[in-house]
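Here is the structure we will look at.
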Protein chains: 2
Amino acid sequence: MTQSFFYIFVIMKNKPSLLTMNFSELFVPGLSVDCVIIGFEDHKLKILILKWNSDIDGWALPGGFVLKNEDLDKAAIRVLKERTGVELPFLEQFKTFGNLDRGKRNNALEKVKIDGITPEHIEWMNQRFISTGYVSLVDIKKCDPRPDILSEKIDWIALDELPNLILDHKHIVKKAISFIKNQINYLPIGITLLPERFTMKELQLLYESILEKKLDRGNFQRKMLKLDIFNRHEKHLEGGAHKAPYLYSFDHEKYNKLLEQGFSFNS
Amino acid sequence: MTQSFFYIFVIMKNKPSLLTMNFSELFVPGLSVDCVIIGFEDHKLKILILKWNSDIDGWALPGGFVLKNEDLDKAAIRVLKERTGVELPFLEQFKTFGNLDRGKRNNALEKVKIDGITPEHIEWMNQRFISTGYVSLVDIKKCDPRPDILSEKIDWIALDELPNLILDHKHIVKKAISFIKNQINYLPIGITLLPERFTMKELQLLYESILEKKLDRGNFQRKMLKLDIFNRHEKHLEGGAHKAPYLYSFDHEKYNKLLEQGFSFNS
DNA sequence: GCTTTATTGTGTACAAATGACACAATCTTT
DNA sequence: AAAGATTGTGTCATTTGTACACAATAAAGC
């Protein structure tokens with residue numbers, strides 16, 4: 001099962017000694033977590049995915065198995081930490097994928113010849129898997145993406161440029177995006193996805209990316225500022241043939257207070 | 001594990017022969033579904049729960065295990081069918097519960113002496129369980145609640161009168177309720193929870209129950225009717241010393257079309 | 001240095017919605 | 001026939017949404 005094929009190398013990179021252990025004793029059987037790690041760069045939403053090396057075609061979401069004495073949420077936190085170095089993430093479960101047809105198998109797993117992987121490992125990984133999806137919002141600049149042994153690379157890829165993803169991972173991404181779109185007024189969008197200081201233009205582009213529609217500049221700016229959750233800083237002297245915009249940062253205390261009740265951005 | 005203790009009897013009632021089978025061969029290990037089945041009666045939201053007989057104190061949500069060749073969603077549909085007879089339900093997954101501390105064990109399971117239950121069954125059920133929560137909206141009058149062997153009874157209990165629930169089932173209920181409150185504009189609230197014909201008053205009471213706040217009668221009525229999803233019928237000649245209200249039913253086609261985009265009820 | 005160009009911050013004006021309350025209509029009880 | 005209760009709808013002030021306008025200003029071109 002390609003999915004499991006991937007996971008095992010995630011583990012190898014960080015804790016190679018695990019390969020000498022019995023998966024059945026270590027992990028909850030048949031259950032995994034997959035993380036849709038979302039960032040914002042070049043005015044686009046991007047997600048962190050891993051490219052297979054070897055002859056297997058396809059990229060994969062960062063994911064992993066659940067330890068027997070580990071909370072489900074903790075497994076997702078661990079995966080995020082291992083792939084990005086991010087410690088105190090915004091991370092939220094959005095759906096569990098349990099259809100039988102999600103694990104379309106190929107024979108890639110059988111071809112694997114890596115020291116330490118036994119037929120027992122292969123068999124364990126070939127069982128049916130149910131996976132819980134988590135979405136994380138991060139500042140790309142604060143991430144330190146770490147590929148695993150199996151992967152040629154780990155990369156931030158724009159949502160509209162996604163390559164082939166293994167298994168049902170593209171479906172999982174779609175569900176994650178529709179989740180944050182739906183929950184946009186209750187998620188810490190700006191504060192997690194933007195750098196410390198930003199312009200209103202950048203914030204608007206972020207919202208437009210998620211909502212997939214243009215917003216009126218004037219109205220957006222006025223409505224945002226009226227929320228009274230920003231600190232306005234000295235002018236930004238950037239290289240543009242136009243009036244320089246203010247830089248803003250979030251007032252964390254006011255922001256969190258407002259987040260509880262939600263705030264809407266329709267226009 | 002009390003949770004599992006319950007599930008086994010759900011199975012016995014419907015397919016007693018299953019007890020002669022090996023759970024490890026039949027079910028996905030460590031994974032269950034729990035259903036929060038919601039109805040509306042006497043102007044109150046109610047949920048369907050099962051009362052233990054025996055000496056175990058506590059009620060439980062209808063739940064069950066997942067067959068090895070069964071979609072996760074299908075397992076929930078099966079549970080709902082077995083407990084209520086409802087065939088084409090509104091059923092939606094809302095969260096998966098995977099904390100280690102959710103399965104506070106007691107020794108009830110060890111005390112069980114029922115024909116066919118072996119120490120192997122007990123051991124299997126004593127493993128750690130992760131459970132996916134589903135919420136269902138049903139017309140109570142169309143349900144035929146069926147208790148299982150373990151239970152004295154199955155009953156519709158008002159949300160504000162819930163007794164002790166086993167494990168983390170009370171937490172699951174809370175999450176389910178907060179889910180439907182949050183998603184109220186995208187869920188088929190009225191069409192699933194009310195009988196075929198109803199008054200605007202009833203519809204309003206339903207919304208007030210979910211939103212946990214009073215709504216203005218005039219504004220609610222006007223806003224609803226403006227949605228143009230109702231058929232208005234001849235007067236209801238009920239026994240009240242006042243003007244008789246109209247009876248309404250949903251125009252299913254228009255309703256479904258509107259549901260896709262969502263519609264809000266703030267006042 | 002002056003003009004041009006692009007973009008920002010804010011203003012305005014109309015449309016739509018929300019929210020609070022009013023009142024006649026009408027059904028049963030007395 | 002009158003009283004009491006609830007419905008269906010009306011009204012209006014307030015808030016919010018939407019579209020567009022315009023002066024301010026920073027950098028680039030001449």
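FYI, side chains are in, hydrogens and waters are out, and symmetry mates aren't considered; it's all heavy atoms of this structure. On a predicted model such as this, the values are computed, not experimentally measured, just so you know. Reminder, nothing fancy here: chain letters follow the sequence lines and each chain counts from 1.
Ion pairing between B:Glu208 and B:Lys201 fails under the 4.0 Å rule for side-chain N and carboxylate O. In this structure, B:Arg197 pairs ionically with B:Glu234, as a charged nitrogen and a carboxylate oxygen lie closer than 4.0 Å.
One interatomic measurement links the two molecules: CG of B:Leu215 to C1' of C:dG19, which rounds to 12 Å at whole-angstrom precision. Look at CE on B:Met224: it is 17 Å from C1' on D:dT7, rounded to the nearest Å. Between B:Lys214 atom NZ and C:dT18 atom C1' the separation is 20 Å, expressed in whole Å. The NZ atom of A:Lys213 sits 11 Å away from the C1' atom of D:dG17 (whole-angstrom rounding). Computed from coordinates, the B:Asn219 CG to C:dA16 P distance equals 18 Å when rounded to whole Å. Computed from coordinates, the A:Asp216 CG to C:dT8 P distance equals 13 Å when rounded to whole Å. As a whole-Å value, the separation of A:Phe220 CZ from C:dT10 P is 15 Å. A:Leu225 places its CG atom 8 Å from the P atom of C:dG9, with the value rounded to the nearest Å.
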Under 3.5 Å, side-chain donor or acceptor atoms of residues 225-232 of chain A against the rest of the protein: list the pairs with distances, not counting sequence neighbours.
unit_1, atom_1, unit_2, atom_2, d
A:Arg232, NE, A:Tyr248, OH, 3.2
A:Arg232, NH2, A:Tyr248, OH, 2.8

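Atom CD1 of B:Ile38 and atom OG of B:Ser136 lie 8.5 Å apart (nearest 0.5 Å). Note that CG of B:Asp139 and CD1 of B:Ile191 are 11.5 Å apart. Values are rounded to the nearest 0.5 Å. Taking CD1 from A:Ile130 and CZ from A:Phe97, the interatomic distance works out to 12.5 Å, rounded to the nearest 0.5 Å.
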Using the rule given for ring-ring contact (aromatic ring centres under 6.0 Å, His included), can you reason through A:Phe250 versus A:Phe198, listing the C-alpha separation, both sets of side-chain angles and the distance that settles it, and then say yes or no?
CA-CA 9 Å; A:Phe250 285 101; A:Phe198 52 89; 5.0 Å; yes

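Helical stems in DNA chain D, defined as runs of 3 or more consecutive Watson-Crick or G-U wobble pairs with both donor-acceptor distances under 3.5 Å, are listed by first residue as C:1-30 with D:1-30.
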Hey, what are the protein-to-nucleotides 22-26 of chain C N/O distances that come in under 3.5 Å?
unit_1, atom_1, unit_2, atom_2, d
C:dT26, O2, B:Lys243, N, 3.1

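Within the 4.5 Å cutoff, no side-chain heavy atoms of B:Asp42 are placed close to those of B:Trp156.
The main-chain N or O of B:His171 is never found under 3.5 Å from a side-chain atom of B:Asp168 such that the two would form a donor-acceptor pair.
Evaluation of atom-type donor-acceptor distances gives no pair under 3.5 Å for the side chain of A:Arg222 against the base of D:dG17.
For A:Lys223, a side-chain nitrogen or oxygen approaches OP1 or OP2 of D:dG17 to under 4.0 Å.
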